[in-house]
Visitor: 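Have a look at the structure that comes next, please.
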Amino acid sequence: MSEEAKARIIEWVKQQKKTKHYFNDLCKAVPEIKMMQAKKIINELVNEGRLKYWSSGSTTMYMLPGQDDVAKEEKGMN
Amino acid sequence: MALKFKTPMLDELEKGPWPSFVTDVKRMAARKPACEDWLGLMEMSYEHKEGHWKHGGIVGVFGYGGGVIGRYCDRPDLFPNVAHFHTMRVNQPASKFYNTDVLRKLCDMWDRRGSGLTNMHGSTGDIILLGTTTDQLEPVFYELTHDFGMDLGGSGSNLRTPEGCVGMARCEWSCIDTQALIYDLTMEYQDALHRPMFPYKFKFKASGCACDCVAAIARADCSIIGTWRDNIRIDQEAVRAYANGELVPQAGAHGSEKYKLDIKAEVVDLCPTRCMEWDGKNLKIWDEDCTRCMHCIRVMPRALRPGLDTGATILVGAKAPILEGAQLSSVVIPFMKMEPPYEEFKGFVEKMWDLWMEEGKNRERLGELIQRMGLREFLKACELTPDPRMVNTPRFNPYIFYDPAEVPGGWERDLKDFRSRHQA
Amino acid sequence: MAFDPNNLLQDRITDIGPPKYDTFMPPIVKENWGKWKYHEILQPGVLVHVSETGAELFSVRVGAARLISTDLIRDICEVADKYCDGYLRFTTRNNVEFLVSDKNKLQPLLNDLKSRGNWFPVGGTGHSVTNIVHTQGWAHCHTPAIDASGVVKSVMDELFDYFGSHKLPAQVRIALACCLNMCGAVHCSDIAILGVHRKPPFIEHDRVQNVCEIPLVIAACPTAAIKPKKVGEYKSVEINNNRCMFCGNCYTMCPALPLADGEGDGIALWVGGKVSNVISAPMFSKLAVPYIPNEPPRWPTTVKTIKKIVETYAAGARRYERIGDWINRIGWERFFERTGIEFKHEHIDDYRLAMTTWRTTTQFKF
């Protein structure tokens, strides 16, 4: 069940125009799952390298790997 | 050794009696190129009156969604050694006690892997390791966890590193064991501390008494403040000793000379509830009227001590102004015993988090959610009973949102029946 | 096993939290845990805590910059090894406390500290100006309106006598935040120094679409002042400047919206806040001076104004009155009159709940 939920979350993220998402936006992809439970699933996605964090310092967001402006910054693209 | 950049403006900050961070960093710059470039960059900021850092977006080490703040210099052409200059937040031991072994080891590690600059400590309470490159983040984390038994602190939408006052370790007024509580919460909620799930930041701060040395009431989403609900302990002989000028009032806070304390003027008349009386021989306190502000205890610490039935007042919702304006925490649990394993408290915390996670908008602090929904909804969700101690005054507007369940018959009414009594 | 950059998961340890709180505590603290009976400040900066067991712990408090190098930490360690069996602590306000359990080492420690030039000023206890808590400023922040360390150094130099003495009516807590996000919450301080921007961000239309994600920039604005806008060929944004409250959140999301402005940025001063519940309830700091230009390297106007506030307070307040208590007693009209600070339209609140701050009584002073 959790694999299926993970797939739905990733699918949802791929469909979005924005690349960065708040935790409770991701939870909208799996509305039937309690947020504390969804947290565990999202943690697994991060550990598997299928999602990445992005932080403004005060808030944190989730994104797909490779859309990462940290990498861009370090290559001098920004 | 001559440094690479002239810093005439910063040099002005080497003058004067207060310790100079410029002198300190200059000393490091002799062997740390990052410090040398940092001084050059600071001098340029002083000339331009503008900062020269960009935000990075970097969050942490693998699997962590916090603990690192990414920084890049906007003039890497001039200052290549601070081109990447990330901060690492390291969770401090509660109350910030150290021995020199661990501090030296930490210094050696940070000289090797970072700039050699730190904040002891940051506003959150963490040890701040200031300035390193992306490739050093994982090695630093590896060394912290393997060689120091240390871990990263919180940032972003995480639980932030919980912080407490010096507590029972070195304070006679502490009504709760702040270190034990803060350590327990930090360990219990490691996942929330490292992996974001909240709409925004969340802070726990615990002070042992109403003096609130960690400013819990002003900055923690959940403020835990020690108190007691029995009587102030009085040593009448010591009260008389203060009156006779045998003891130094206010523990020397106003000067260490002894003088005959005017108990009426300096204690009784300043008591916010006027709950005490001094007849020249004995101090009488009507404890049922006392609001435990600590003033009398602070003025006569050898004579008065907090009571023995101790616990904590729980307040929620404090925050700095962004966005809806600054808020102080509000009382939601007037008194709770605070002893391990803190089950009752954690039960409350989890209900509060459930509500905030479900209902909170992105970047809405708990205090703003409560302001938007009303304290009543918060109390309901956390299964707390209304209590006059939760308000300064009852409402003075008549707009009560009644729940149909509380009105006999609810809101379903028979119009026909009504019209049988009233013509249209 | 040694760290392997190619295999981060090898032998990985996570979620161990901080060292347990008693790991680095001196034996005297562990032995007298919860048994402390009373304390006394023997002289400014020197405390003794006396236990029910009769044990005495001396703490010598010294001021330090918040920004300190590993070399300075090593100096601190050298002192702690000599006099404190290697034990010390830091306070919430960036002071260092040397913990002495052998009374015979107290005076030698104080002599040693004194011999080390300006590095270790002893004080910050009782009715003093304690160390200033502050944020990063130009040293490390991306949205600062002012520097932090330099302003703090300049103010503490000027108020230095008050750090090492107990001559004020009560303690004065000063805090600095370098922009109004206040990552160091300063809004309940006796005196708060706040960095303010006064110009909305630039919009680099030719860069926005390359370096920023427009929907995220729009969502980042707390007052919803940012909208998408096509400018010629470029997908960009427009900002309703009248709604901008200068927080810099958009710049965090989008480096093509820089905010800093050497001429526009500066300092606002706030007074009368407190967090303790002693005598009066905790209070917010209120606006005293809306704007003082940035004057690096020594910020003379800011320093002078703060000194004036502290000295007017010291002269007029009664013992135990914090700055906020003193102002509440004399009234704001007297505060402005006595400090010579001009009262302007910026002082009158026009944000949410503004009317709760307007005078709704005929009780005021001429």
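Lettering follows sequence order; numbering is per chain, from 1.
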Visitor: Between atom CD1 of C/I146 and atom CD of B/E50, what is the distance when rounded to the nearest 0.5 Å?
Guide: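 So the CD1 of C/I146 and the CD of B/E50 are separated by 14.5 Å.
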Visitor: Is chain B contacted by the side chain of C/D4, its backbone, both, or neither, given a heavy-atom distance below 4.5 Å?
Guide: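 Contact with chain B is absent: no heavy atom of C/D4 under 4.5 Å.
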Visitor: Does any backbone or side-chain atom of C/A139 lie under 4.5 Å from a heavy atom of chain B? Answer side chain, backbone, both or neither.
Guide: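 Its backbone and side chain both get close to chain B.
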Visitor: For C/C188, is it the side chain, the backbone, both, or neither that has a heavy atom closer than 4.5 Å to a heavy atom of chain B?
Guide: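 Just its side chain gets close to chain B.
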Visitor: Please assess C/H127 against B/H254 for the test side chain to side chain donor-acceptor pair (under 3.5 Å), listing each intermediate value before the final yes or no.
Guide: CA-CA 6 Å; C/H127 294 179; B/H254 200 74; 2.7 Å; yes
Visitor: Kindly give the heavy-atom pair with the smallest separation between B/H55 and C/H142, and that separation in Å.
Guide: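 Looking at all heavy atoms of both residues, the shortest contact is CB-CD2, 3.4 Å.
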Visitor: Count the heavy atoms of every other residue, nucleotide or ligand shown that sit under 6.0 Å from CZ of C/R352, and state whether that count exceeds 12.
Guide: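 Count over threshold, so yes.
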Visitor: Pair C/I73, B/W110 - check side-chain contact (heavy atoms from CB on, under 4.5 Å), show working.
Guide: CA-CA 12 Å; C/I73 298 175; B/W110 193 235; over 6 Å; no
Visitor: Name all residues meeting the side chain to side chain donor-acceptor pair (under 3.5 Å) criterion together with B/R195; count only those two or more places apart in sequence or in a different chain, and write none if there are none.
Guide: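 Scan of B/R195 (side chain to side chain donor-acceptor pair (under 3.5 Å), adjacent residues dropped) gives B/D191, C/D15.
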Visitor: When rounded to the nearest 0.5 angstrom, what distance separates OG1 in B/T291 from CD1 in C/I279?
Guide: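 Spacing of OG1 (B/T291) from CD1 (C/I279) equals 11.0 Å.
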Visitor: Whether C/R12 and B/E138 form a salt bridge (side-chain N of Lys/Arg under 4.0 Å from carboxylate O of Asp/Glu) is what I want to check.
Guide: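 Yes.
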Visitor: Using non-hydrogen atoms only, which part of B/Q327 is less than 4.5 Å away from chain C: side chain, backbone, both, or neither?
Guide: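 When you check distances to chain C, only backbone atoms of B/Q327 fall under 4.5 Å.
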Visitor: Where does C/D22 contact chain B at under 4.5 Å (heavy atoms): side chain, backbone, both or neither?
Guide: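 Looking at C/D22, nothing touches chain B.
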Visitor: Any idea how B/Y98 and C/F24 line up, ring-wise: parallel (<30°), tilted (30 to 60°), or perpendicular (>60°)?
Guide: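 Taking C/F24 first and then B/Y98, their aromatic rings lie parallel (interplane angle under 30°).
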Visitor: Check C/W119 against B/S20 and note the closest heavy-atom contact, atom names and distance.
Guide: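 Looks like CZ3-O, 4.0 Å.
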Visitor: Measure C/R66 against the heavy atoms of chain B and call it side chain, backbone, both or neither at under 4.5 Å.
Guide: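 C/R66 touches chain B through backbone and side-chain heavy atoms alike.
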Visitor: Between C/D147 and chain B, which part of the residue has a heavy atom less than 4.5 Å away: side chain, backbone, both or neither?
Guide: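 Interface part for C/D147: side chain.
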Visitor: Please find the pair of heavy atoms, one from C/H140 and one from B/G131, that lie closest to each other, and give the distance.
Guide: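 Distance-wise, the nearest heavy atoms are NE2-N, 4.5 Å.
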Visitor: In terms of heavy-atom pairs under 4.5 Å, which option from B/H48, B/M150, B/R292 contacts chain C the most?
Guide: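 Option with the top pair count is B/M150.
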Visitor: Return the minimal non-hydrogen interatomic distance between B/F97 and C/P26, and the atom names on each side.
Guide: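 Looking at all heavy atoms of both residues, the closest pair is CD2-CD, 4.0 Å.
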Visitor: Is C/E52 paired with B/R305 through a side-chain N to carboxylate O contact shorter than 4.0 Å?
Guide: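 Result for this pair is yes, salt bridge flagged.
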Visitor: CG/C/D71 to CG/B/D111 distance, rounded to the nearest 0.5 angstrom?
Guide: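 Result: 6.5 Å between the selected atoms.
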Visitor: Can you say whether C/L57 sits under 4.5 Å from chain B via the side chain, the backbone, both, or neither, judging by heavy atoms?
Guide: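 The side chain, not the backbone.
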Visitor: C/S189: what forms a side chain to side chain donor-acceptor pair (under 3.5 Å) with it, not counting sequence neighbours?
Guide: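 With sequence neighbours excluded, C/S189 shows a side chain to side chain donor-acceptor pair (under 3.5 Å) to no residue whatsoever.
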Visitor: Drop me the distance from B/S95's OG to C/M25's CE, to the nearest 0.5 angstrom.
Guide: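 If we round to the nearest 0.5 Å, B/S95:OG and C/M25:CE are 5.5 Å apart.
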Visitor: Could you report the tightest heavy-atom contact between B/I322 and C/L180, atom names first, then the distance?
Guide: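 Where B/I322 meets C/L180 most closely, the heavy atoms are CG1-O, 3.7 Å.
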Visitor: Given heavy-atom pairs under 4.5 angstrom as the criterion, report whether the side chain, backbone, both or neither of C/F90 touches chain B.
Guide: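 Both backbone and side chain.
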Visitor: With a 4.5 angstrom heavy-atom cut-off, is it the side chain or the backbone of C/H49 that approaches chain B, or both, or neither?
Guide: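 Looking at C/H49, just its side chain touches chain B.
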Visitor: Measure distances from C/L67 to the heavy atoms of chain B and classify the residue's part below 4.5 Å as side chain, backbone, both or neither.
Guide: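 For C/L67, heavy atoms of backbone and side chain both lie under 4.5 Å from chain B.
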Visitor: Looking only at heavy atoms, which two atoms of C/N294 and B/K49 are closest? And how far apart?
Guide: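 Closest approach of C/N294 to B/K49: O-CD, 3.4 Å.
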Visitor: Output the distance between atom CG (C/D11) and atom NE2 (B/H146), rounded to the nearest 0.5 Å.
Guide: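 If I round to the nearest 0.5 Å, the distance is 3.5 Å.
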Visitor: List the steps, then state whether side-chain contact (heavy atoms from CB on, under 4.5 Å) holds for C/S276 with B/H295.
Guide: CA-CA 10 Å; C/S276 100; B/H295 174 66; over 6 Å; no
Visitor: Side chain, backbone, both or neither: which part of C/L9 has a non-hydrogen atom closer than 4.5 Å to chain B?
Guide: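 The side chain, not the backbone.
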Visitor: Please classify the contact of C/V133 with chain B as side chain, backbone, both or neither, using a heavy-atom distance under 4.5 Å.
Guide: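 Looking at C/V133, nothing touches chain B.
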Visitor: Where on C/P44 is there a heavy atom nearer than 4.5 Å to chain B: the side chain, the backbone, both, or neither?
Guide: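 For C/P44, neither part sits under 4.5 Å from chain B.
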Visitor: Check whether C/T252 gets within reach of chain B through its side chain, its backbone, both or neither, counting any heavy atom under 4.5 Å.
Guide: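 C/T252 touches chain B through backbone and side-chain heavy atoms alike.
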Visitor: Regarding C/K274 and B/D212, does a basic nitrogen lie under 4.0 Å from an acidic carboxylate oxygen?
Guide: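 No, this pair does not count.
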Visitor: Does B/R170 come within less than 4.0 Å of C/E97, counting only side-chain N to carboxylate O?
Guide: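 Here B/R170 pairs with C/E97 in a salt bridge, since their nearest N and O are under 4.0 Å apart.
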